[in-house]
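Notes for the one structure printed next.
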Amino acid sequence: MPGLFLPDDDATAALGAALAEELQPGDVVLLEGDLGAGKTALARAIIRALAGDPALDVPSPTFALVQPYDTPKAPVLHADLYRLGDPREVDELGLSDNLAAIVLVEWAERSPDITAAATLVVSLAIPPGGDGRSATLTHR
């Protein structure tokens, strides 16, 4: 899919809601981009849409590594692998234990196994000038 321009947080939330409608149990979504590109903001929008709760508290999983959510569509695991020291540590996180879960992963490049399991890759970038963000979706 060609790149999308997301001018603001509302556009990011709208993309998250659209993705939430498409996602199915068992999907593994990689959220790629530099620090500050909007990976957590997009994950938050997806999770809130899946939960049907626009005010749901969705903290960054940077320190917990994985945050679980129960939603009507499927359980959701939101992971941030930035702090992993070794790719083998991902096994301890249980990201592939529940085949019915929708798994959203930031910094997935730290785990070749997770990268290989991806069904969707969303690449986010801040365009030159720093306004908004661009998103490219690649279905696998």
Side-chain angles (χ1 to χ4, degrees):
M1 174 180 271
L4 304 168
F5 179 66
L6 307 171
D8 54 29
D9 289 340
D10 288 342
T12 300
L15 175 60
L19 290 174
E21 284 190 30
E22 287 182 29
L23 293 175
Q24 297 299 314
D27 280 342
V28 177
V29 180
L30 309 186
L31 303 171
E32 298 180 337
D34 292 335
L35 285 171
K39 297 178 297 295
T40 301
L42 182 59
R44 184 175 292 122
I46 293 168
I47 293 164
R48 286 177 173 166
L50 286 168
D53 183 352
L56 180 67
D57 183 32
V58 180
S60 170
T62 300
F63 294 103
L65 298 183
V66 179
Q67 294 282 16
Y69 300 89
D70 288 319
T71 75
K73 189 179 243 183
V76 176
L77 298 173
H78 178 201
D80 183 331
L81 306 184
Y82 186 77
R83 295 180 341 122
L84 281 188
D86 184 312
R88 292 175 297 212
E89 291 176 30
V90 79
D91 294 339
E92 298 170 21
L93 300 179
L95 298 179
S96 23
D97 290 354
N98 184 346
L99 298 179
I102 295 171
V103 182
L104 308 174
V105 185
E106 300 180 40
W107 300 102
E109 62 272 14
R110 298 211 187 313
S111 171
D113 291 342
I114 295 296
T115 301
T119 55
L120 173 65
V121 178
V122 181
S123 299
L124 298 164
I126 298 171
D131 291 327
R133 60 182 58 108
S134 62
T136 304
L137 282 59
T138 307
H139 293 273
R140 291 188 178 172

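Quick note: numbers below take in every heavy atom, side chains included, and nothing from hydrogens, waters or symmetry partners.
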Which atom names give the shortest non-hydrogen contact between Leu56 and Arg48, and what distance separates them? O-NE, 2.8 Å

According to side-chain hydrogen bond (donor to acceptor under 3.5 Å, both in side chains), does anything in residues 84-96 pair up with another residue at least two apart or in another chain? List the pairs. Asp86-Arg88

How far apart are the closest heavy atoms of Thr12 and Ala45, and which atoms are they? O-CB, 4.1 Å

Nearest heavy-atom contact between Ala17 and Ala49 is CA-CB, 3.7 Å

Which atom of Ala41 lies closest to which atom of Arg133, heavy atoms considered: CB-NH1, 4.5 Å

Leu95 vs Val28 side-chain heavy atoms within contact, under 4.5 Å: no

With distance as the sole test, does Arg110 use its side chain to make a donor-acceptor pair with the main-chain N or O of Arg83 at under 3.5 Å? no

Are side-chain heavy atoms of Pro75 and Pro68 found at a separation under 4.5 Å? no

Partners of Asp10 by salt bridge (charged side-chain N to carboxylate O under 4.0 Å, His left out), sequence neighbours excluded? none

Identify the two heavy atoms, one from Ala100 and one from Ala74, that lie closest to each other, and give their separation to 0.1 Å. O-CB, 3.4 Å

Residue pairs, two or more places apart or on separate chains, that pass ring-ring contact (aromatic ring centres under 6.0 Å, His included) and touch residues 67-89: Tyr82-Trp107

Side chains of Leu19 and Leu137: closer than 4.5 Å at any heavy-atom pair? yes

Leu15 and Ala135 have their tightest heavy-atom pair at CD2-CB, 4.0 Å

